[in-house]
Amino acid sequence: MSPEAVREKAPKVKDDLYKIRHSLAHVLAQAVLQMRPNAKLAFGPPIDNGFYYDFDFGDEEALGEEDLPEIQKRMRAILKENQQFEKRVLPVDEALEYLTGRGEVYKVEHCQRLKEAGNAEVSFYTNGPFDDLCEGPHVEKTRDLKPNIFKIDRTSGAYWLGDSSRPSLTRIYGVAFATKEELNDYLFWRAEAEKRDHRVVGKQMGLFSFHDEARGNPFYLPHGVAVKDALLDFWKRLHRMRGYVFIETPTILDRKLWETSGHWFNYRENMYTLQIDEEDCAVKPMNCPGGMLVYNESPKSFRELPLRVGELGHVHRHEMSGALDGLRRVRAFTQDDAHIFMTPEQITDEIVGVIDLADTIYSVFGLEYELCLSTKPEEKTIGSDEMWEKATDGLRGALDRWGKPYEVDEGAGAFYGPKIDFMLRDALNRKHQCGTIQLDMALPERFDLTYIGPDNASHRAVMVHRALYGSIDRFLGILIEHFAGAFPVWLAPIQARVLPITDELNDYAQEVATKLLEAGFRVDLNTKSDKINRKIRDAAPMHIPYLLVVGKREAEEGKVAPRLRGNEQLDPLSVEDLIERMRPENDPFHGTTPRWFPPKID
RNA sequence: GCUGCUGUAGCUCAGUGGUAGAGCGCAUCCUUGGUAAGGAUGAGGUCAAGGGUUCAAAUCCCUUCAGCAGCUCCA
């Protein structure tokens, strides 16, 4: 791939919609200042779907949700005034003086930064009584902003400059589009998306739960375990085909190990520690150190490499309470982890292989993803700069060979190495990191991982940490939203439910269910003395792919009358024929397995 | 962790100082029916927890806990 395909983070295109959203942000600030004249302005940029503005209300009462209609009303009044947006340019020192005089502390700070960056002049935009340090551009006049293309949406907190050690601001969000229709479409879509929130669907389908007694730790209910098992069976099968072996390592390990790995000093605030027999120990937040011990159990020959060692490890991390978010962000989760040990020459082939494996997995679910390369963090890292450079080049080389576009996130790597992340989106289009491939040249050093080369000398091994679902828990959350609970047959917690029309048919229904269970399907039956209408309606929240209605006619002929999810009606067929029909659907690859050719070792 | 909002029955939610409510679900009974709401009766709540104000608190105040939207962080 050419370097041009790399999408570095670039400023957004300043098109008409950008101008509309940006101008509305100014109008928002103007309206807010009418209500709180002493509010200090921070930033107010356009964003996806709209805009926001950050305010510091100081000692005054902050504006909240209940004030949003009033803000919106005032904004519409401002639009009617048809204020002109006018740009003027001031020498930076004059601007500083002006802003200082107005007491706009945040603007002063920003202006100062602009000055330090070498700007001799800065621009201001004025509309009506409102004047703001601003790069622009804007629309010409407030009449260009139709009153029905925006909605003041919600408030939240934010930090000045996104830094948790700096002041907390009140952020007011608006959504805005070029036309009323687009706004309404967006609001409709968003309302629909909220209905498939995995926390709502998960409760409705009996997949998982949370309790105050274990904050941030999911409880998996029988239906949730069924889906997880299906995910993990698929994962193991695919990984076995790709030459992986599997291990399991302990949950609690000694402090010495975590000191060797660097976690004790670089990851301490996220670790649960405890004392056992007066020794410091930690509950594992990652599986890698245990994996290192296993690698070192015996000397390795280059002929054994690459060695791909998988582990479905349950890890605990003490996340900040405010970061917890359903299954997307928990304090204990299962990683579909693997560590690949190899020679430096094998890096590119091996990483391309992992990307390909991830791509295979995501495509089975129909998930789109974005690739992101994360480089060395500024602090709390282990390993030399040279190692980081080599490792980063290795990942970049693999990405270039893979040939799809990727973003670069400077400084976002793990403390032991750079990484490639696979970003998936939830129902509300929010991005979540799932798969990750982390190249590590530091831990092999610390744990002295070696192999004997063809020259009969000892060489330093290179390793990759990788997870493709990432966290099974988070991935499940995203899948729930992706499918809105209507999982494909192979994932569905209940694949078929038998619905007898009258109580006399319960025995036959039981017989049908048993046959399906024996054929390996997840089946239940509803023998309540309800009407068939009621039984069908009651089944709806479970999104069961096959509802099998059995009445007198079916019982006499040894058949079932399937009603598919989506309400399609099939002609009655025998249980054996039904099983034949369902069997391929119970396989992620629908009975065909994609061939994969391992990269050759030179 | 920070800012803002919220916490009433299994679920969704009404209830702003004066004897805890609705719909759905659940249980029992009637009904035994052919593809998305048949009928009757009934059980279920220390109104998140603790403290305070008051003759009186689900309601007002404080603290804590938890959830939600973001910020920050990350699988």
Side-chain angles (χ1 to χ4, degrees), chain A residues 52 54-57 62-67 153-173 194 197 199-200 203-204 210-213 215-216 267 269-270 285-287 313 315 317-337 374 412 414 419 421-424 428 430 432-436 438 465-475 477-478 499-506 528-541 547-554 561-564 567-569 572:
Chain A
Y52 68 78
D54 285 343
F55 304 93
D56 185 344
F57 290 108
L63 294 176
E65 301 288 335
E66 67 282 2
D67 301 304
D153 195 36
R154 60 189 195 276
T155 64
S156 80
Y159 297 112
W160 171 235
L161 301 178
D163 180 344
S164 58
S165 66
R166 293 179 191 258
S168 261
L169 308 171
T170 301
R171 178 168 296 178
I172 299 176
Y173 286 92
E194 277 167 7
D197 186 315
R199 291 165 297 196
V200 176
K203 182 175 268 190
Q204 174 187 302
F210 286 94
H211 295 269
D212 288 357
E213 287 81 354
R215 231 199 130 182
Y267 205 72
E269 66 274 16
N270 282 307
M286 298 184 195
N287 304 301
V315 297
R317 299 183 185 175
H318 185 260
E319 299 296 340
M320 288 192 298
S321 59
L324 302 177
D325 181 23
L327 289 182
R328 289 184 207 107
R329 197 67 183 289
V330 292
R331 283 179 172 163
F333 56 101
T334 305
Q335 286 183 307
D336 64 321
D337 210 349
S374 296
K419 59 179 185 168
D421 289 324
F422 295 81
M423 312 297 293
L424 305 185
L428 284 176
R430 291 175 292 203
H432 299 284
Q433 183 181 328
C434 288
T436 185
Q438 310 181 346
H465 314 243
R466 41 112 290 176
L468 304 180
Y469 291 143
S471 135
I472 311 300
D473 310 66
R474 175 181 291 174
F475 193 80
I478 287 175
L499 309 179
I501 285 176
T502 68
D503 291 351
E504 281 77 52
L505 293 154
N506 284 352
K528 290 202 253 186
S529 55
D530 287 325
K531 287 173 46 165
I532 189 67
N533 302 34
R534 174 60 183 269
K535 292 184 182 183
I536 285 168
R537 177 158 50 90
D538 282 352
L547 296 180
L548 306 175
V549 175
V550 294
K552 223 173 178 176
R553 292 200 294 272
E554 286 77 18
R563 177 191 169 109
L564 305 186
N567 305 338
E568 188 193 342
Q569 193 80 34

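So you know, we letter chains A, B, ... as the sequences are listed, proteins then strands, and number each from 1.
For A:Asp325, the side chain to side chain donor-acceptor pair (under 3.5 Å) partners are A:Arg199, A:Arg328, not counting sequence neighbours. Here A:Arg331 pairs with A:Arg215, A:Asn217, A:Tyr272, A:His318, A:Glu319, A:Ser321, A:Leu324 under the side chain to side chain contact (heavy atoms under 4.5 Å, CB included) rule; sequence neighbours left out. Remark: A:Pro541 pairs with A:Gln204 by the side chain to side chain contact (heavy atoms under 4.5 Å, CB included) rule, at least two apart or across chains. In this view, A:Glu213 and A:His211 satisfy the side chain to side chain contact (heavy atoms under 4.5 Å, CB included) rule, not counting sequence neighbours. Remark: A:Arg563 pairs with A:Ile536, A:Leu547, A:Asn567, A:Gln569 by the side chain to side chain contact (heavy atoms under 4.5 Å, CB included) rule, at least two apart or across chains. In this structure A:Arg166 satisfies the side chain to side chain donor-acceptor pair (under 3.5 Å) test together with A:Glu109, A:Asp163, sequence neighbours excluded. For A:Thr502, the side chain to side chain donor-acceptor pair (under 3.5 Å) test picks out A:Glu504, with sequence neighbours left out. For A:Asn287, the side chain to side chain donor-acceptor pair (under 3.5 Å) test picks out A:Lys284, A:Gln335, A:Asp337, with sequence neighbours left out.
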Each nucleotide N or O in nucleotides 64-68 of chain B that has a protein N or O under 3.5 Å away: list the pair and distance.
from, atom 1, to, atom 2, distance (Å)
B:A66, O2', A:Asp212, OD1, 3.3
B:G67, OP1, A:Arg215, NE, 3.3
B:G67, OP2, A:Arg215, NE, 2.5
B:G67, OP2, A:Arg215, NH2, 2.1
B:C68, OP1, A:Arg199, NH1, 3.0

Protein-nucleotides 7-11 of chain B N/O pairs closer than 3.5 Å?
none

Give me the distances for all protein-to-nucleotides 3-5 of chain B N/O pairs that come in under 3.5 Å?
from, atom 1, to, atom 2, distance (Å)
B:U3, O4', A:Ser168, OG, 3.3
B:U3, O2, A:Gly157, N, 2.8

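Protein atom CE of A:Met320 is 9 Å distant from nucleotide atom C1' of B:C2, rounded to whole Å. B:G70 atom C1' lies 16 Å from atom CZ of A:Phe55, rounded to whole Å.
Using N1 to N3 plus N6-O4 or O6-N4 for Watson-Crick, or N1-O2 and O6-N3 for G-U wobble, each under 3.5 Å, B:U63 pairs with B:A49. Checking B:U35 for Watson-Crick or G-U wobble geometry (two distances, each under 3.5 Å) identifies no partner in any strand. The pairing partner recorded for B:G10 is B:C24, the criterion being a Watson-Crick or G-U wobble arrangement whose two distances lie under 3.5 angstrom. The partner of B:G44 cannot be assigned: no Watson-Crick or G-U wobble pair with both contacts below 3.5 Å exists in any strand.
Both A:Leu161 and A:Phe422 lie close to RNA chain B; mapped to their nearest nucleotides by heavy-atom distance, the more 5′-ward contact belongs to A:Leu161.
For A:Arg474 and B:C74, a side-chain-to-base donor-acceptor distance below 3.5 Å is present, hydrogens and geometry of angles not being considered. If you check distances only, the side chain of A:Arg329 does reach the base of B:C73 with a donor-acceptor pair under 3.5 Å.
With centroids closer than 5.5 Å and planes inclined by less than 30 degrees as the test, A:Tyr173 and the base of B:G70 fail to qualify as a stacked pair.
Annotation for A:Phe210 and A:Gly216: closest pair CE2-C, 4.0 Å, computed over non-hydrogen atoms.
Residue A:Ala467 is classed as having no contact, given no heavy-atom separation below 4.0 Å to the nucleic acid. Here A:Val330 lies in heavy-atom contact (under 4.0 Å) with a base.
Taking side-chain N and O atoms only, A:Gln438 has a distance below 4.0 Å to OP1 or OP2 of B:A75.
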task = For each nucleotide in nucleotides 34-50 of chain B, reading 5' to 3', give B when a protein heavy atom comes within less than 4.0 Å of its base, S when such contact involves only the sugar-phosphate, and - otherwise.
result = BBBBS------------
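In terms of modelled atom types and a separation under 3.5 Å, the side chain of A:Asp336 and the main chain of A:Tyr469 share a donor-acceptor contact. Put simply, the side chain of A:Arg474 gets close to the backbone of A:Gln433: a donor and an acceptor are under 3.5 Å apart.
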request  = Mind running side-chain contact (heavy atoms from CB on, under 4.5 Å) on A:Met286 and A:Arg317 for me, showing each step along the way?
outcome  = CA-CA 9 Å; A:Met286 298 184 195; A:Arg317 299 183 185 175; 3.6 Å; yes
